[in-house]
Engineer: 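One structure is given below, represented as structure tokens, and several questions about it will come after.
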Amino acid sequence: MNATMTVPNHPLSAPATAGRPKLVLKSSEFRKGREEGWRDLERLVLHVERHGVRLLSLHELQRLPVLYRSALSSLSVARTIALDRNLLLYLENLALRAFLVVYGPRISLVEGMRTFFRFELPAAVRAARGHIVIAALALLVGVAAGFMLARQDEAWLTSLIPSGLAGGRGPASTRADLYDNELFAPWHGAVESFGVFANFLFSHNSLVGIMTFGLGLAAGIPTLMLNVYQGLTLGAFLALHYSRDLTVDFLGWISIHGTTELGALILLAAGGLVIAEKILFPGRYSRIENLALHGRQAAQMAVGAVLMLFVAAILEGGFRQLVASTPWRFTIGFGIAALWIAYFSLCGRKGRP
């Protein structure tokens with residue numbers, strides 16, 4: 001006697017032909033006693049996806065993780081006995097959707113950002129104190145070296161300062177040029193200051209900073225070298241103004257944005273050093289595991305630093321020339337630095353709720 005076997009399109013449909021003897025398939029036997037649970041889980045997942053978890057009853061909330069674990073068990077068995085592909089795809093999709101419902105975040109975007117800035121970012125920075133000290137020292141070494149080289153021979157200015165950042169400043173610059181056309185140059189208006197100049201500064205600084213951060217994968221050596229190079233440029237500028245008796249005015253001019261900008265570059269370098277340390281000294285974990293464990297901390301520092309660079313670009317491009325007083329520039333610059341230090345040192349110390 002011949003038996004007719006029908007292959008179902010839907011993985012949960014019954015493989016039978018009316019009026020004829022029925023051939024019991026392995027997948028059909030597997031679905032018996034499990035299909036009802038899968039459908040209940042699918043119904044709950046669809047309800048949460050459309051209306052949120054808060055509208056579930058207490059009984060439904062209790063059943064959701066039980067049904068999810070049961071579906072995972074079914075998926076594991078289905079993979080082992082190599083059932084039809086449609087059923088496997090259905091269970092994999094159902095398990096993934098249920099995972100996001102059971103273990104997915106329960107907070108809104110606003111709440112997530114509040115948690116990040118209040119707890120996660122300051123905690124990540126505090127955890128990298130040693131790396132921040134090393135990055136800051138590398139920057140200071142570059143400043144000292146650039147200052148001494150440019151003081152000995154101003155021809156170094158053209159080598160240490162990129163032409164795009166020099167803005168015409170160099171060995172030929174006089175004191176009057178620097179004072180009138182740079183330190184106390186007139187404000188160029190909102191469009192040029194905020195729209196053009198600030199955008200250029202943010203793009204340039206972010207590119208350099210992210211490169212410094214990313215090169216931490218190369219054992220941190222390029223990260224330190226780039227940080228030293230940033231210091232060389234600053235030291236050369238300092239020597240140029242020092243030789244023109246404009247040291248105090250220059251430091252006030254650069255402090256209004258420099259405390260934020262340099263702090264951000266130090267944080268990006270420190271994040272790269274966090275990655276470098278875990279690659280060089282993995283300890284009890286493998287290098288890949290260390291990147292997974294500590295990469296989040298480094299990434300949080302990088303995100304915070306990029307936001308600081310955005311603030312620095314606004315201060316440098318838009319507000320620096322509006323403040324034509326060196327004492328006020330120092331007040332604003334060091335006031336902002338104090339706020340950053342207080343934020344990273346004190347914020348979120350009581351722990352996340």
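Remember, predicted model here, so these are calculated numbers, not experimental data.
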Engineer: For Phe319, enumerate each residue passing the ring-ring contact (aromatic ring centres under 6.0 Å, His included) test, keeping only those at least two apart in sequence or located in another chain.
Structural biologist: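 Partners of Phe319 under the ring-ring contact (aromatic ring centres under 6.0 Å, His included) test: Phe194.
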Engineer: Could you report the tightest heavy-atom contact between Leu64 and Leu56, atom names first, then the distance?
Structural biologist: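 Looking at all heavy atoms of both residues, the shortest contact is CD2-CD1, 4.4 Å.
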Engineer: Which pairs count as side chain to side chain donor-acceptor pair (under 3.5 Å) when at least one residue sits in residues 207-233, sequence neighbours excluded?
Structural biologist: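 For residues 207-233: none.
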Engineer: The criterion is salt bridge (Lys or Arg N to Asp or Glu O under 4.0 Å); which residues satisfy it with Asp249, sequence neighbours excluded?
Structural biologist: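 Partners of Asp249 by the salt bridge (Lys or Arg N to Asp or Glu O under 4.0 Å) criterion come out as none, since no residue qualifies.
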Engineer: Only one of Leu268, Leu267, Ile210 clears side chain to side chain contact (heavy atoms under 4.5 Å, CB included) with Leu309; which?
Structural biologist: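 The option that passes is Leu268.
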Engineer: Is atom CD1 of Ile221 surrounded by more than 12 heavy atoms (other residues, nucleotides or ligands) closer than 6.0 Å?
Structural biologist: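 Open: at most 12 neighbouring heavy atoms sit under 6.0 Å from CD1 of Ile221.
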Engineer: Sequence neighbours left out, what passes salt bridge (Lys or Arg N to Asp or Glu O under 4.0 Å) with Glu154? Give chain and number order.
Structural biologist: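 Salt bridge (Lys or Arg N to Asp or Glu O under 4.0 Å) list for Glu154, sorted by chain: Arg244.
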Engineer: What closest approach, in Å, do Ile161 and Leu165 show between heavy atoms, and which atom pair accounts for it?
Structural biologist: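 Where Ile161 meets Leu165 most closely, the heavy atoms are CG2-C, 4.3 Å.
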Engineer: Is it true that the side chains of Trp340 and Thr259 contain a donor and an acceptor less than 3.5 Å apart?
Structural biologist: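 Looking only at side-chain atoms, Thr259 and Trp340 do not form any donor-acceptor pair under 3.5 Å.
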Engineer: Suppose we screen for side-chain contact (heavy atoms from CB on, under 4.5 Å). Which residues come up paired with Ser73, at least two apart in sequence or across chains?
Structural biologist: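 Here no residue qualifies.
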Engineer: Sequence neighbours left out, what passes ring-ring contact (aromatic ring centres under 6.0 Å, His included) with Tyr343? Give chain and number order.
Structural biologist: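 Here no residue qualifies.
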Engineer: Using the side chain to side chain donor-acceptor pair (under 3.5 Å) criterion, which residues pair with Arg329? Sequence neighbours excluded.
Structural biologist: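 In terms of side chain to side chain donor-acceptor pair (under 3.5 Å), with neighbours along the sequence ignored, Arg329 is linked to no residue.
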Engineer: So for atom CZ, which belongs to Arg129, do other residues, nucleotides or ligands contribute more than 12 heavy atoms lying within a distance under 6.0 Å?
Structural biologist: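 Not buried by this count: 12 neighbours or fewer within 6.0 Å.
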Engineer: Could I get the full list of ring-ring contact (aromatic ring centres under 6.0 Å, His included) partners for His241, not counting sequence neighbours?
Structural biologist: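 Expected list: Phe250.
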Engineer: Indicate if Leu273 and Val228 have the same hydrophobic cluster label, given that clusters are the connected sets of ILVMFWY residues with side-chain heavy-atom separations under 4.5 angstrom.
Structural biologist: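 No; tracing contacts between hydrophobic side chains, which count when under 4.5 Å, never links both residues.
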Engineer: With a sphere of 6.0 Å drawn around OH of Tyr242, does it hold more than 12 non-hydrogen atoms of other residues, nucleotides or ligands?
Structural biologist: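 Counting neighbours around OH of Tyr242, 12 or fewer heavy atoms of other residues, nucleotides or ligands fall under 6.0 Å, so no.
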Engineer: Could you identify which residues cluster with Val66, counting Ile, Leu, Val, Met, Phe, Trp and Tyr as linked when any side-chain heavy atoms lie under 4.5 Å apart, either directly or through a chain of such contacts?
Structural biologist: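 Other cluster members: none.
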Engineer: Do side-chain atoms of Ser74 reach the backbone of Ser70 as a donor and acceptor pair under 3.5 angstrom?
Structural biologist: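 Yes; at least one donor-acceptor contact below 3.5 Å.
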Engineer: In terms of side-chain heavy atoms, does Trp253 have a donor or acceptor partner in Glu316 at a distance below 3.5 Å?
Structural biologist: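 Judged by distance alone, the side chains do not pair up.
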Engineer: Got more than 12 heavy atoms from elsewhere within 6.0 Å of CH2, Trp187?
Structural biologist: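 Atom CH2 in Trp187 is crowded, with more than 12 foreign heavy atoms closer than 6.0 Å.
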Engineer: Once ring-ring contact (aromatic ring centres under 6.0 Å, His included) is applied, do any residues pair with Phe117, and if so which ones, sequence neighbours excluded?
Structural biologist: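 Phe117 satisfies ring-ring contact (aromatic ring centres under 6.0 Å, His included) with no residue once adjacent residues are dropped.
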Engineer: Who are the side-chain contact (heavy atoms from CB on, under 4.5 Å) partners of Ala312, not counting sequence neighbours?
Structural biologist: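 If we apply the side-chain contact (heavy atoms from CB on, under 4.5 Å) test to Ala312, skipping adjacent residues, the hits are Thr260, Glu261.
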Engineer: Does Arg63 have any salt bridge (Lys or Arg N to Asp or Glu O under 4.0 Å) partners at least two apart in sequence or in another chain, and if so, which?
Structural biologist: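 Asp40.
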Engineer: Tell me whether the rings of Phe310 and Phe202 are parallel (<30°), tilted (30 to 60°) or perpendicular (>60°).
Structural biologist: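 Phe310 vs Phe202 ring planes: perpendicular.
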